[in-house]
S.K.: 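Provided herewith is a single structure, encoded as structure tokens, for subsequent inquiry.
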Protein chains: 2
Amino acid sequence: MSMKGEGNRQCIIKAADELFYRCGYNQTSFQDISDATGIPRGNFYYYFKTKDDILDAVVQARCNDFIEILAQFDASTTDPRERLLLLADMLRANEQNVLESGCPVGSLSAELAKDSADLQDKSRRVFGILRSWATEQFSALGLTQEADELAMDLLARMQGIIVMACAFKDAGFLQRSLTELKDWIRQVVGTMSQAG
Amino acid sequence: MSMKGEGNRQCIIKAADELFYRCGYNQTSFQDISDATGIPRGNFYYYFKTKDDILDAVVQARCNDFIEILAQFDASTTDPRERLLLLADMLRANEQNVLESGCPVGSLSAELAKDSADLQDKSRRVFGILRSWATEQFSALGLTQEADELAMDLLARMQGIIVMACAFKDAGFLQRSLTELKDWIRQVVGTMSQAG
DNA sequence: GTAATAGTGGTACGATTGTTTTACATTCTA
DNA sequence: TAGAATGTAAAACAATCGTACCACTATTAC
């Protein structure tokens, strides 16, 4: 597949990514993607074997996006504590989207949990990237023993905040919870790294 | 609508409730409900005007279920702290379901956030019942000022735990997080009620 | 310039969706 | 027991779903 075709492929992935986030995977039809891209829906099978294949590509794209974002966090400061705070701050940067549609990672995983186990396995990869990155940060702070558990705790807190903020469309709760979350990060890192 | 018809109506609601939880609202078809109940799918329109109407009835049923459950909590102990711990313990009682399909309240709300705002409004009512009940418990502990915020925090923590446990199918994380959650409840209630 | 490849536009498929309708059976009421 | 109300079974509705296919035009390689 050459330049021209690859461009269309990326166009499909980009449109599908947005639609999967806004409408859900199952609720997004080929017609929707066709309308968004201008590419006839019959042509999708030139680029992808099946709808699941588009999901694969979208998941891969999201993985790459996060890898890049996390690399920027890594580049912007050497302090793992600051890096974790940057991750938390994504809640503020994406406030509007979060209130409207929840977390692209969490909501996709939750949706696919109700489809085949096979599909959820794929979506889990995005969470895996965040989890291992956060684990690295906690480890770098001397919390090697409990690093993975802390990473899971951090992600769980973020997911919970998003679910409730989205359910009640409550920007105030989102802001307040973000503050508390950042306090928690500072506290966990501060106290436990002294103890460890 | 008399006895016979009402029985079928409840049968449809019960089957739809289970299917909405296991497969999601959008992914559950009339055919699925028909297969589960033995009632021809054309007949649903004798009991409900539309699919959304079935959702309404399911949400109402879930509300009633929770009202009953919370009433049992209220009856089993007069200590609001104990009551809150009972709520948290629902994560353990429903461990298997949670790992497989997430939270019936949270996952429905998250799914409907991607459909019309109208549908999500309906699903929010179930969260509202939990929220106001938890608020009452915190208030009864003398935390009137921050009761609603604490209720939201509690629900957010539970939702986050569920999302991550379900995403990674991790029973260990669920158990560990439940312990930490109960510690948090005891701590918040303990320290702040002394301070207040 | 010709042949092979890459990509496009559009049609059509069988299946399934939520919904409507129709004909029939049952149950209740007078 | 007649007739109205209530409930049941099944067929058919138009629309849409994911998928497949085909005739066609660009592009590229020799």
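Letters A, B, ... mirror the listed sequences (proteins, then strands); counts begin at 1.
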S.K.: B:Lys51 has a side chain; which of D:dG7, D:dT19, C:dG18 sits nearest to it?
M.R.: C:dG18
S.K.: Quick one, A:Lys51 and A:Tyr45 - any side-chain contact, counting heavy atoms below 4.5 Å?
M.R.: no
S.K.: Taking atom C1' of C:dT16 as reference, at what distance in whole Å does atom CD1 of B:Ile33 sit?
M.R.: 15 Å
S.K.: Between the side chains of A:Arg92 and A:Asp89, is the shortest nitrogen-to-carboxylate-oxygen separation below 4.0 Å, so that they form an ion pair?
M.R.: yes
S.K.: Expressed as a whole number of angstroms, how long is the span from A:Ile54:CD1 to D:dC17:P?
M.R.: 13 Å
S.K.: Is any side-chain N or O of B:Thr50 closer than 4.0 Å to OP1 or OP2 of C:dG18?
M.R.: no
S.K.: Using a heavy-atom distance cut-off of less than 4.0 Å, which residues of residues 37-45 of chain B contact DNA chain C?
M.R.: B:Arg41, B:Gly42, B:Tyr45
S.K.: Please check if any side-chain donor atom of A:Arg81 sits under 3.5 Å from a side-chain acceptor atom of A:Gln137, or the reverse.
M.R.: no
S.K.: Expressed in angstrom and rounded to an integer, what is the separation of B:Asp53 atom CG from C:dT19 atom C1'?
M.R.: 13 Å
S.K.: Quickly work out the B:Arg9 CZ to D:dT8 P distance and round it to whole Å.
M.R.: 14 Å
S.K.: Is the ring pair A:Phe30/A:Phe44 parallel, tilted or perpendicular, if the boundaries are 30 and 60 degrees?
M.R.: tilted
S.K.: At their closest point, which heavy atom of A:Phe173 faces which heavy atom of A:Ile161, and how far apart are they?
M.R.: CE2-O, 3.5 Å
S.K.: For A:Glu68 and A:Asn64, which I'm curious about, is there any donor-acceptor pair between the side chains at under 3.5 Å?
M.R.: no
S.K.: What is the distance, rounded to the nearest whole Å, between atom CD of A:Glu6 and atom C1' of D:dT27?
M.R.: 17 Å
S.K.: Atom CG of B:Asn8 to atom P of D:dT8: distance rounded to whole Å?
M.R.: 5 Å
S.K.: Determine whether B:Gln10 and B:Tyr47 make a side-chain contact, defined as any pair of heavy atoms from C-beta on separated by less than 4.5 Å.
M.R.: no
S.K.: Without decimals, in angstroms, what is the distance between A:Tyr47 OH and D:dT19 C1'?
M.R.: 17 Å
S.K.: Could you state the CD1-P distance from B:Ile12 to C:dG18, rounded to the nearest angstrom?
M.R.: 14 Å
S.K.: Please work out which residues in residues 13-32 of chain B have a non-hydrogen atom less than 4.0 Å from an atom of DNA chain C and list them by number.
M.R.: B:Thr28, B:Ser29, B:Phe30, B:Gln31
S.K.: Salt bridge or not for A:Arg41 and A:Asp35, using N-O below 4.0 Å?
M.R.: no
S.K.: Using a strict cut-off of less than 4.0 Å between a Lys/Arg side-chain nitrogen and an Asp/Glu carboxylate oxygen, indicate whether A:Lys122 and A:Asp118 qualify as a salt bridge.
M.R.: yes
